[in-house]
S.K.: 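Here it is: the structure, laid out below.
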Amino acid sequence: MTKIFENIDRVCQINTERVLASFKNNRVSEAMLHGTTGYGYDDRGRDVLDAVFAEVFGAEDALVRHTFVSGTHTLSTALFGVLRPGDTILSVTGQPYDTLCETFGITGQAGNGSLKDFGVNYKEIDLDENGSPKIELMKKMIEEDKSIKLVFMQRSRGYTARKTLTIEEIESVVKAAKSVRDVIVFTDNCYGEFVREKEPTAVGVDLMAGSLIKNPGGGLARTGGYICGRKDLVELCAYRLTAVGIGKECGATLDELRVMFQGFFMAPHIVAQALKTAVYAAKKMADAGFTVSPLADEQREDIIQTVTFGNEEDLLAFCRGIQHGSPVDSFVTPEPWAMPGYDCDVVMAAGGFISGSSIELSADAPVKDPYIAYMQGGLTFESGKVAVDTALKYILESK
């Protein structure tokens, strides 16, 4: 694994240099770390944090707020911000992540306030047999349906066995879509930040969103999300988050700015730790006879590692091992439950300092065939190894 780790370290160095340069270019100071109360007028730290995110991600503007409650909330805010009645979304990565389906109106009851309720239509194209977007079909649909305003891509796999989109594939979608007409190209970037040397907005994506308790929070941000991209689109998103005419100008940051700045500074290194943990898990579990994706020596595009068990017993034993190898709540045994937004019971192992943090080591799975665990995160590679070894030990002992 030496060469794989060397490449992870190389990307980490490139991304760290870019983050550090942005902090210096935007003159981040100690005075910006304290936050504001009330309306949050003239919050210099908030405005500079937006500028830092925008510069690092190669975007014109950004909206970084602790008031986003999750990645799904952040994505929903962005979509409601830029779409209008009569517009159509075209997803080129098939059906979106489970918790977004109700936002789109694919599932859920009529009248619940989904995009569909507000007259926004939805179409999708499945990925091809290689897990890549069907570029020519996308172009044809954009040409024929003038209501298509937004092309949607989910970079990561979600709860599916498909591969994660590469930066090169994302760039190809952008170029192809724009060759037909000027549609908005949107990327759900959750789990993908700092895994490669560039982000989707740096290769032409108009709008991108993600969660701060995943990669860009560096394990320190306590909540929140970000949206970045074209300045005019980010402004519309800000109007949706607060109110039309107010946008980014208000919003108290309380005591959250310090950990948001520091977490973003740490993020390239923490992501590298998570990637090394994922590589180790892939090698360890594959050697034990389980099917893994990606393989240990494959190029990675996000921090997620899947392990297919084929039965509920091994899946639950793996999740117990991850939980019992964690620093927080190690004594807790995760059990499947009917989690809101999912069509089956879900088991979640997460012994982190931030509740639900996906950049801290966790493993979760829908409890249904083929019983795939989705493992991600790891604040340190050393502790990640311990948890993975514990998980494998639990499986072997349960035989």
S.K.: With a 4.5 Å cut-off on side-chain heavy atoms, are Ile303 and Leu275 touching?
M.R.: yes

S.K.: Check this for me: does any side-chain nitrogen of one of Arg196 and Asp302 sit under 4.0 Å from a carboxylate oxygen of the other?
M.R.: no

S.K.: Does the pair Glu256/Arg46 count as a salt bridge with the N-to-O cut at 4.0 Å?
M.R.: no

S.K.: Salt bridge check, Asp145 against Lys140: does any charged N sit closer than 4.0 Å to a carboxylate O?
M.R.: no

S.K.: If you look at every heavy atom in Thr187 and Ile170, which pair is closest and at what distance?
M.R.: OG1-CG2, 4.3 Å

S.K.: Say whether Leu241 and Val64 are linked into one hydrophobic cluster, either directly or through other cluster members, by side-chain heavy-atom distances under 4.5 angstrom.
M.R.: no

S.K.: If you take all heavy atoms of Ser114 and Asn112, which pair is closest and at what distance?
M.R.: N-OD1, 3.1 Å

S.K.: Do the side chains of Ile167 and Pro200 get nearer than 4.5 Å, heavy atoms only?
M.R.: yes

S.K.: Return yes if some donor-acceptor pair links the side-chain N/O of Asp206 with the main-chain N/O of Val185 below 3.5 Å, else return no.
M.R.: yes

S.K.: Connecting only ILVMFWY residues whose side-chain heavy atoms lie within less than 4.5 Å of each other, what is the rest of Val332's hydrophobic cluster?
M.R.: Phe331

S.K.: With a 3.5 Å distance limit and no angle check, can you tell me whether Ser91 reaches the backbone of Gly94 through a side-chain donor-acceptor pair?
M.R.: yes

S.K.: Are Glu124 and Leu90 close enough that some pair of their side-chain heavy atoms sits under 4.5 Å apart?
M.R.: no

S.K.: May I ask you to test the Leu257-Leu49 pair for a side-chain heavy-atom distance under 4.5 Å?
M.R.: yes

S.K.: Can you confirm if the aromatic rings of Phe57 and Phe194 lie within a centre distance of less than 6.0 Å?
M.R.: yes

S.K.: Which pairs, with at least one residue in residues 374-384 and sequence neighbours excluded, count as a salt bridge (charged side-chain N to carboxylate O under 4.0 Å, His left out)?
M.R.: none

S.K.: With side chains defined as the heavy atoms from C-beta onward, is the minimum distance between Lys149 and Ile89 less than 4.5 Å?
M.R.: no

S.K.: Can the ring centres of Phe53 and Tyr226 be said to be less than 6.0 Å apart?
M.R.: yes

S.K.: Look only at the side chain of Glu360 and the backbone of Phe353, and say whether a donor-acceptor pair between them is shorter than 3.5 Å.
M.R.: yes

S.K.: Between Lys175 and Glu171, does any side-chain N to carboxylate O distance fall below 4.0 Å?
M.R.: yes

S.K.: Looking only at the side chains, is there a donor atom on one of Ser383 and Thr380 sitting less than 3.5 Å from an acceptor on the other?
M.R.: yes

S.K.: Would you check if Leu75 and Leu100 make a side-chain contact, meaning some heavy-atom pair closer than 4.5 Å?
M.R.: yes

S.K.: With distance as the sole criterion, is a donor-acceptor pair present between the side chains of Ser147 and Thr88 under 3.5 Å?
M.R.: yes

S.K.: Restricting to non-hydrogen atoms, name the atom on Pro133 and the atom on Leu127 that form the minimum distance, rounded to 0.1 Å.
M.R.: N-CD2, 3.5 Å

S.K.: Is Glu397 salt-bridged to Arg320, going by a charged N under 4.0 Å from an acidic O?
M.R.: no

S.K.: Do we see a donor-acceptor contact under 3.5 Å between the side chains of Ser362 and Gln376?
M.R.: yes

S.K.: Between Gly71 and Cys190, which heavy-atom pair has the shortest distance, and what is it?
M.R.: CA-SG, 4.5 Å

S.K.: Do the side chains of Glu143 and Arg181 get close enough for a salt bridge, i.e. N-O under 4.0 angstrom?
M.R.: no

S.K.: Scan for salt bridge (charged side-chain N to carboxylate O under 4.0 Å, His left out) pairs involving residues 51-79, sequence neighbours excluded, and state none if there are none.
M.R.: Asp50-Arg65, Asp61-Lys231, Asp61-Lys248

S.K.: Would you mind reporting whether Leu212 and His66 have side-chain heavy atoms less than 4.5 Å apart?
M.R.: no

S.K.: Can you hop from Phe23 to Val271 via hydrophobic side chains spaced under 4.5 Å?
M.R.: yes

S.K.: Does the Asp87 side chain pair with the main chain of Arg84, one donor and one acceptor, at a distance under 3.5 Å?
M.R.: yes

S.K.: Do any N or O atoms from the side chain of Ser179 and from the backbone of Ala176 form a donor-acceptor pair under 3.5 angstrom?
M.R.: yes

S.K.: Can you confirm if the aromatic rings of Phe104 and Phe152 lie within a centre distance of less than 6.0 Å?
M.R.: yes

S.K.: Examine Phe318 together with Tyr394 and report whether their ring centres are nearer than 6.0 Å.
M.R.: no

S.K.: Can we say Asp389 and Lys284 salt-bridge, meaning some charged N sits less than 4.0 Å from an Asp/Glu carboxylate O?
M.R.: yes

S.K.: Should Val69 and Met260 be counted in the same cluster of Ile, Leu, Val, Met, Phe, Trp and Tyr side chains packed under 4.5 Å apart?
M.R.: no

S.K.: Looking only at heavy atoms, which two atoms of Thr103 and Ser76 are closest? And how far apart?
M.R.: CG2-OG, 3.7 Å

S.K.: Any donor-acceptor pair under 3.5 Å linking the side chain of Arg155 with the backbone of Gly192?
M.R.: yes

S.K.: For Ala62 versus Cys228, what's the shortest heavy-atom pair and its separation?
M.R.: CB-CB, 3.8 Å

S.K.: What side-chain hydrogen bond (donor to acceptor under 3.5 Å, both in side chains) pairs are there with at least one residue in residues 127-138, not counting sequence neighbours?
M.R.: Ser132-Glu169

S.K.: Please, which pairs that meet salt bridge (charged side-chain N to carboxylate O under 4.0 Å, His left out) have at least one residue in residues 107-119, sequence neighbours excluded?
M.R.: none

S.K.: Are side-chain heavy atoms of Glu335 and Asp345 found at a separation under 4.5 Å?
M.R.: no

S.K.: Please lay out, stage by stage, how Phe5 and Phe381 fare under the test ring pair (Phe, Tyr, Trp, His ring centres under 6.0 Å).
M.R.: CA-CA 11 Å; Phe5 280 20; Phe381 171 52; 5.2 Å; yes

S.K.: Just by distance, do the side chain of Gln323 and the backbone of Asp329 share a donor-acceptor pair under 3.5 Å?
M.R.: yes

S.K.: What pairs of residues pass the salt bridge (charged side-chain N to carboxylate O under 4.0 Å, His left out) test when at least one of them lies in residues 18-45, not counting sequence neighbours?
M.R.: Glu30-Arg258

S.K.: When clusters are formed by joining ILVMFWY residues with side-chain heavy atoms under 4.5 Å apart, either directly or through shared neighbours, do Tyr239 and Val120 land in the same one?
M.R.: yes

